[in-house]
Amino acid sequence: MSLQKYLTSKTFFTQAAIAFGIIIGLMLLLLQYIKFSTNHGEEITVPSVAKLTVEQAEEKLDAADLEYVLLDTTDYNPDYPKFSVVKQDPLAGAKVKSGRKIYIKINSSGFTAVRIPNLIEQTLRQAEPSLKSIGLEVGEITYKPYIGKDMVLEMSQNGKELKPGDKVLKSSKIDLVVGDGKVGFEEEIDTTATPQD
């Protein structure tokens with residue numbers, strides 16, 4: 001049988017129909033597999049694990065068919081218990097597929113100590129960002145007579161004078177004594193002078 005006759009024969013069309021049917025069947029099976037393997041249409045609401053220990057967070061996420069990845073600890077946050085979850089990603093309430101990894105960060109055990117920078121004879125405008133950059137806050141500001149206006153003269157914490165290099169805990173408030181830009185001169189009176197007639 002010649003090729004031309006074969007391509008127009010009933011046998012060719014039957015075999016082509018069978019091959020087409022097999023291809024369609026395989027495609028449908030593949031789509032079903034993809035749908036099954038990706039849990040198409042099934043979403044899980046991410047639970048909140050804030051303030052839980054790592055063990056408690058693991059149990060809660062396991063129950064929701066989710067995994068977790070522990071990232072590094074964050075700076076101490078007094079609003080959260082020590083070694084509890086401070087941050088999670090995705091956030092609580094997000095919709096995800098089962099088996100999704102939830103990234104969590106843990107609260108450290110306490111504030112770390114930092115060294116007081118040398119703020120003496122710096123202006124208040126310079127001192128505030130210097131303190132904030134290392135996690136400290138400006139506390140009470142007291143003014144006293146000094147020619148340099150807003151120039152830092154003394155640093156203290158809870159009444160104790162601080163020197164550059166002293167260690168304090170992060171988030172501490174540092175009280176500052178600054179100049180008011182005025183110098184109090186007392187006029188001296190010459191008591192030896194005699195009044196003129």
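Note that the numbering runs from 1 along the sequence shown for the chain.
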Which hydrophobic side chains are connected to [X], either touching it within the sub-4.5 Å cutoff or through other members that do?
X	answer
Val69	Leu71, Tyr103
Val54	Ile44, Val46, Val49, Leu52, Leu61, Leu66, Tyr68, Leu70, Phe83, Val85, Val96, Ile102, Ile104, Ile106
Val86	Tyr80
Met27	Ile23

>> Assess, by modelled atom type and distance only, whether the side chains of Thr45 and Lys95 contain a donor and an acceptor separated by less than 3.5 Å.
In response: yes
Listed by chain and number, what are the side-chain contact (heavy atoms from CB on, under 4.5 Å) partners of [X], not counting sequence neighbours?
X	result
Pro129	none
Ala16	none
Asn118	Ile120, Pro164
Thr14	Lys10, Ile18

> Applying salt bridge (charged side-chain N to carboxylate O under 4.0 Å, His left out), which residue pairs with at least one partner in residues 145-169 are found, sequence neighbours left out?
Replying inline: Lys144-Glu154
>> Listing request: all salt bridge (charged side-chain N to carboxylate O under 4.0 Å, His left out) pairs with a residue in residues 108-125, at least two apart in sequence or in separate chains.
In response: none
> Donor-acceptor pair, Glu128 side chain versus Thr123 backbone, under 3.5 Å?
Replying inline: no
> Around Ile147, counting heavy atoms of other residues, nucleotides and ligands shown, do more than 12 lie under 6.0 Å from its CD1?
Replying inline: no
> Would one find more than 12 heavy atoms of other residues, nucleotides or ligands at under 6.0 Å from atom NZ of Lys60?
Replying inline: yes
Least distance between heavy atoms, [X] atom then [Y] atom:
X	Y	result
Ile116	Leu136	CD1-CD1, 3.9 Å
Leu119	Ser130	CD2-CB, 3.8 Å
Ser84	Pro81	OG-O, 2.7 Å

>> Distance check, rounded to the nearest 0.5 Å: Lys97 atom NZ versus Glu43 atom CD?
In response: 5.5 Å
> How long is the span from the CG atom in Asp180 to the CG atom in Leu153, to the nearest 0.5 Å?
Replying inline: 9.0 Å
> Can you tell if the side chain of Tyr76 reaches within under 4.5 Å of the side chain of Lys82, non-hydrogen atoms only?
Replying inline: yes
> Can you hop from Tyr146 to Val152 via hydrophobic side chains spaced under 4.5 Å?
Replying inline: no
Please list, one pair per line, the donor and acceptor atoms closer than 3.5 Å that link side chains of residues 168-177 to other protein atoms, with sequence neighbours excluded.
from: Lys170; atom 1: NZ; to: Asp75; atom 2: OD2; distance (Å): 3.4
from: Ser172; atom 1: OG; to: Gln157; atom 2: NE2; distance (Å): 3.2
from: Ser172; atom 1: OG; to: Leu169; atom 2: O; distance (Å): 2.5
from: Asp175; atom 1: OD1; to: Glu140; atom 2: N; distance (Å): 2.7

> Mind checking what makes side-chain hydrogen bond (donor to acceptor under 3.5 Å, both in side chains) contact with Glu59, not counting sequence neighbours?
Replying inline: none
